[in-house]
Amino acid sequence: MTMEAPSFDIARIDEVIHGRVRLGIMTLLVTRGGVEFKVMRQHLNVTDGNLSTHLRKLEEAGYVAQEKTFVGRRPLTRIELTAKGRDAFIRYLDEMRALLGTDSATT
């Protein structure tokens, strides 16, 4: 019995999201809403510089927005998922489902 390969085009995978840290950022924001930089860094177990680099790439794509404020004299950066980012993440998940040959409507 031969199984037919699912219809899948690797070029449709969003490379901005697909990296491990960026996928972690997007997943964290989808599941928790806005997240403070420090909390995100700790949750993903990355350095400040590494997280900043990945956030910049997501921000340049319009997927996340950073709000920088101060609490007293301490800087506070909060990261939010944008509507464009939410849509891109849903498309990313749909493409992963296509790769696995599952129907997105049933998951």
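Heads up: numbering here begins at 1 and tracks the sequence.
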So do [Y] and [X] actually touch side chain to side chain, heavy atoms under 4.5 Å?
X: Phe37; Y: Ser52; answer: yes
X: Lys57; Y: Thr53; answer: no
X: Tyr92; Y: Leu23; answer: yes
X: Leu29; Y: Tyr63; answer: no
X: Leu51; Y: Ile25; answer: yes
X: Phe89; Y: Thr27; answer: yes

Qualifying salt bridge (charged side-chain N to carboxylate O under 4.0 Å, His left out) pairs with a residue from residues 61-80, counting only residues at least two apart or across chains: Arg78-Glu80

Closest non-hydrogen atom pair, [X] against [Y]:
X: Val39; Y: Arg32; result: CG1-NH1, 4.4 Å
X: Met26; Y: Leu81; result: CE-CD1, 3.6 Å
X: Glu15; Y: Arg22; result: O-NH2, 3.2 Å
X: Thr82; Y: Val64; result: CG2-C, 3.8 Å

Greater than 12 external heavy atoms within 6.0 Å of Asn45's CG: no

Same apolar cluster (I L V M F W Y, side chains within < 4.5 Å links), Met96/Leu58: yes

Val30-Ile13 co-clustered via ILVMFWY side chain contacts under 4.5 Å: yes

From Leu55 atom CG to Gln66 atom CD, the distance as rounded to the nearest 0.5 Å: 5.0 Å

Point-to-point distance, once rounded to the nearest 0.5 Å, from OG1 of Thr77 to CE of Met40: 11.0 Å

Stepwise salt bridge (Lys or Arg N to Asp or Glu O under 4.0 Å) check, Lys84 with Asp87: CA-CA 5 Å; Lys84 181 179 179 180; Asp87 291 344; over 6 Å; no

Check ion pair Asp14-Arg91 (N to O, under 4.0 angstrom): no

Backbone N/O of Thr47 and side chain of Arg41: donor-acceptor pair under 3.5 Å: no

